[in-house]
Amino acid sequence: MTTPAPTPPSPDRLEAARLEKLVAIEQLGLDPWGQRFDNHQPIGQAREVCPTEQDVMGPEVRIAGRVLLRNDRGKLKFLHVKDWTGRIQVMISKGDFSEDDWKLIELIDLGDIIGVDGKTRITRTGEKTISAAKVTFLTKSLAQPPEKFHGARDVEMLLRQRYIDLIYNEGVLERMLSRGKIIDSIRSTLKARNFVEAETPVLHSIAGGAAARPFTTHHNALDMQLYLRIALELHLKRLMVGGIERVYEIGRVFRNEGVDSTHNPEFTMIELYQAYGDYESMMELTEAIFVNAIQVLDGNLKRPWGEHEVDYTPPWPRKKYGDLFKEHAGCDMNDAAAVQEVAKKLHIEVKGKDPAVLVNDVFEETVESHLTGPVFVIDYPSAMCPLTKRKKGHPEIAERFELFIHGLELANAYTELNDPRLQEDLFRTQLTGLKEEDSMAKMDHDFVRALKTGMPPAGGLGIGIDRLVMLLTNSHSIRDVIYFPLLRHETE
RNA sequence: GAGCGCGUAGCUCAGUCGGUAGAGCAACGGACUUUUAAUCCGUAGGUCCUGGGUUCGAGUCCCAGCGCGCUCACCA
């Protein structure tokens, strides 16, 4: 019997207990931080080869993972070990181990990472189990894990220490891995259609291609003010001028705006451009990207979204902006006086606003909440679309669509404007009632110069990857699909 | 940016009317060879977010700040 040492003040006492075990492991001549561990198999696979009848020994397996649970009955111990493919019980019987091996086994804490060799079987209670023949210590955990039953609930901790969320909360790891699968699927959809991936600058001299406040930074050696990109558009179009006929980029963009359940200051977009296409080709491609991504998940085209169900079976309805406006706002969007009346009734500020801006405001207020979708809203008023080709014979209509699903704006696409003189004019046209930073119209002479060389007629598409993952995984906060969303500085 | 809510042990949470801090899990010591959030006995563990204020006395009431959440605004 040893007298326990005086307990150090919390929280170091918990770490101290683990450090003592670390030393004890070293005294057994073992490395508490582990070594290369070859030829182990995924736990998911070990579960598959496990026999389904009692008293039948299955094949030998070797797994590695983190200890999540322990039922210690003295000479018989049960552990639950988890890797990124699943979780399995390990049974350790004292009679199967030498004295030193048993000493090591008694030093295993919750949260430690171990390797196990043994035969699969099921126990009396029907639990798939590895009957351990050998235990290899792989990594000591010095931190106290969260409560074994309730897990970790404190949202702030889960966001600041996402690894805790990934390890201990059901479904988090799976959801994050789904994000990767969806992105892989997008790449293979595009590869099959002969698109190539490009990497364009993140640091921009002019933050163009979208309407948003940029983050500002500075290059010291060149003494240049620079912006983090708010869109991928203008560089990818320059590549089209250069003859890269089908090009895309999946990349981070940065917008210096508010944070809420559908907005994070840095987020991931895909933009793609297809020479000799138009916005109709982009609708077909959007459907293909969604359907293929769903195939790599569970393949179910009818997917839950909270209380609702979204049916992704193509083709999705196309609805004209003007028709939707008439249906929900109750007047013709070209009747400026009537639009003003509706706006006033909705308590929208009317003064000093260009009619096109007002139409847009009324549309958002009256129409968007009705767009449960998936629905392509097509043919936007051209005044709000300075980068979009106008419809042939209808200069007031831009060949643009936005994809809406339950109020979320998922995608935005154009038949791309490739007339350099019109582009230059539109960059100059600042609608009244719209602040410069809220406008897509930002003069970019270098881009106009590129168009003068000649960009083929083309379709272009942008999809918010984070929102796509949200929808396909039924996650209602963008923070659920971004590993490390932005938080304020942690106070010491 | 505004309103509302939350912040107590490593974790999950109680804490009544303002009277000096509680449980479960985890930890530590002990018993246990088929458990399922094992069980049983025992021990230890607290800057009650921070700083002021009221009070004989504050986890509790008041003010300010910090962090997080929700709603709204902003973000076409």
Side-chain angles (χ1 to χ4, degrees), chain A residues 1-18 20-21 54-55 68-80 87 89-96 109-111 121-129 131 141-161 164 168 210-213 230 255-265 267 321 356-365 367-368 377 380-381 383-386 400 402 404 409 412 431 433-435 437-440 476-477 479 485 487-492:
Chain A
M1 293 295 144
T2 53
T3 322
T7 315
S10 168
D12 289 345
R13 66 196 161 86
L14 295 167
E15 188 173 319
R18 285 166 178 261
E20 273 176 35
K21 290 179 185 169
Q54 273 182 49
D55 305 320
L68 293 191
L69 205 62
R70 183 184 51 215
N71 294 340
D72 192 335
R73 295 190 55 100
K75 294 182 182 118
L76 184 68
K77 300 180 194 302
F78 297 92
L79 304 177
H80 284 215
R87 178 174 172 153
Q89 175 169 264
V90 173
M91 185 168 77
I92 309 175
S93 176
K94 188 173 183 184
D96 297 337
D109 277 320
L110 294 180
R121 56 176 299 189
I122 72 174
T123 58
R124 272 185 209 163
T125 49
E127 177 93 20
K128 290 183 179 178
T129 300
S131 199
S141 172
L142 296 177
Q144 190 66 23
E147 215 258 3
K148 68 181 179 188
F149 183 61
H150 297 93
R153 282 288 122 81
D154 179 42
V155 177
E156 185 177 354
M157 178 177 74
L158 298 178
L159 295 177
R160 291 195 194 280
Q161 302 181 64
I164 300 288
Y168 293 103
R213 270 167 274 253
I230 59 171
R255 297 186 182 177
N256 204 339
E257 314 273 7
V259 174
D260 65 24
S261 63
T262 57
H263 297 84
N264 194 61
F267 62 101
Y321 186 100
V357 176
L358 205 55
V359 165
N360 186 61
D361 288 351
V362 170
F363 184 90
E364 281 172 14
E365 191 67 30
V367 181
E368 285 193 0
V377 177
Y380 279 63
M384 299 299 287
C385 310
R400 171 184 188 177
E402 291 197 331
F404 284 92
E409 190 191 316
N412 184 21
L431 297 178
L434 210 56
K435 284 177 265 172
E437 61 208 8
D438 294 336
S439 169
M440 260 194 248
H476 289 254
S477 170
R479 291 178 159 190
L487 295 178
R488 284 179 212 274
H489 294 300
E490 194 169 8
T491 45
E492 290 295 316

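Every chain is numbered from 1, with letters handed out A, B, ... down the list of sequences.
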Could you tell me how far [M] sits from [N] if I compare only their [atom1] atoms? Round to whole Å.
N	M	atom1	value
B:rA38	B:rG53	P	49 Å
B:rA23	B:rC62	C1'	31 Å
B:rC61	B:rG5	P	12 Å
B:rU50	B:rC11	P	15 Å
B:rG51	B:rG7	C1'	16 Å
B:rA14	B:rC4	C1'	23 Å
B:rG45	B:rU39	C1'	23 Å
B:rA73	B:rA2	P	16 Å

Value in whole Å for how far the [atom2] atom of [N] lies from [atom1] of [X]:
X	N	atom1	atom2	result
A:E20	B:rC28	CD	P	9 Å
A:R13	B:rU43	CZ	C1'	12 Å
A:R255	B:rC75	CZ	P	12 Å
A:D109	B:rC11	CG	P	17 Å
A:M91	B:rA38	CE	P	16 Å
A:D55	B:rU34	CG	C1'	11 Å
A:D260	B:rG1	CG	P	15 Å
A:K128	B:rU35	NZ	C1'	18 Å

Can you list the residues that meet the salt bridge (Lys or Arg N to Asp or Glu O under 4.0 Å) rule with [X], with sequence neighbours excluded?
X	value
A:E402	A:R400
A:E409	none
A:D109	A:K21, A:K140
A:D72	A:K77

Contact under 4.0 Å: [X] side-chain N or O vs [N] OP1/OP2:
X	N	result
A:N71	B:rA38	yes
A:R488	B:rC68	yes
A:R160	B:rC68	yes

Q) With respect to A:L110, which candidate in A:S141, A:P146, A:P145 satisfies the side-chain contact (heavy atoms from CB on, under 4.5 Å) definition? A)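 The side-chain contact (heavy atoms from CB on, under 4.5 Å) with A:L110 is passed solely by A:P145 among A:S141, A:P146, A:P145.
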
Q) Who pairs with A:H476 by ring-ring contact (aromatic ring centres under 6.0 Å, His included), at least two apart in sequence or on another chain? A) A:W305

Q) Partners of A:F363 by ring-ring contact (aromatic ring centres under 6.0 Å, His included), sequence neighbours excluded? A) A:Y321

Q. Among B:rC75, B:rU12, B:rU35, which is the nearest nucleotide to the side chain of A:R153?
A.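 Ranking B:rC75, B:rU12, B:rU35 by closest atom to the A:R153 side chain puts B:rU12 first.
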
Q.
Side chain of A:L69 only, heavy atoms from C-beta on: which candidate in B:rA37, B:rC28, B:rC68 is closest?
A.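 Of the candidates, B:rA37 comes closest.
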
Q: Determine whether any donor atom in the side chain of A:Q89 lies under 3.5 Å from an acceptor atom in the base of B:rU35, or the reverse, and answer yes or no.
A: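 Result: at least one qualifying N/O pair found.
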
Q.
Quick check: on RNA chain B, is the nucleotide nearest A:D154 upstream (toward 5') of the one nearest A:K21, or the reverse? Name the residue that is more 5'.
A. A:D154

Q) So which one's nearest nucleotide on RNA chain B is more toward 5', A:R18 or A:E368? A)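 Here A:R18 is the residue nearer the 5' end.
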
Name the pairing partner of [N], where a pair is Watson-Crick or G-U wobble with both distances under 3.5 Å, or state none.
N	result
B:rA2	B:rU71
B:rA37	none
B:rG24	B:rC11
B:rU54	none
B:rU16	none
B:rU60	none

Say you draw a straight line from [atom1] of [X] to [atom2] of [Y]; how long is it, rounded to the nearest 0.5 Å?
X	Y	atom1	atom2	answer
A:K94	A:R73	NZ	CZ	15.5 Å
A:L159	A:I164	CG	CD1	12.5 Å
A:L68	A:L79	CG	CG	10.0 Å

(Q) Going by the rule side-chain contact (heavy atoms from CB on, under 4.5 Å), which residues pair with A:E127 if we only count those two or more places apart in sequence or in a different chain? (A) A:H80, A:Q89, A:T123, A:T125, A:T129

So which protein nitrogen or oxygen atoms get under 3.5 Å of nucleotides 31-33 of chain B's nitrogens or oxygens?
from   : atom 1 : to    : atom 2 : distance (Å)
B:rC32 : N4     : A:G74 : N      : 3.4
B:rU33 : O2     : A:S93 : OG     : 3.3
B:rU33 : N3     : A:S93 : OG     : 3.1
B:rU33 : O4     : A:G95 : N      : 3.3

Q: Answer yes or no: is there a side-chain heavy-atom contact under 4.5 Å between A:H263 and A:D260?
A: yes

Show the distances under 3.5 angstrom between N or O atoms of the protein and N or O atoms of nucleotides 22-25 of chain B.
from   : atom 1 : to     : atom 2 : distance (Å)
B:rG24 : N2     : A:E147 : OE2    : 3.4
B:rC25 : O3'    : A:K148 : NZ     : 3.4

Q.
Under 4.0 Å, heavy atoms only, any strand: does A:R70 hit a base, just the sugar-phosphate, or nothing?
A. sugar-phosphate

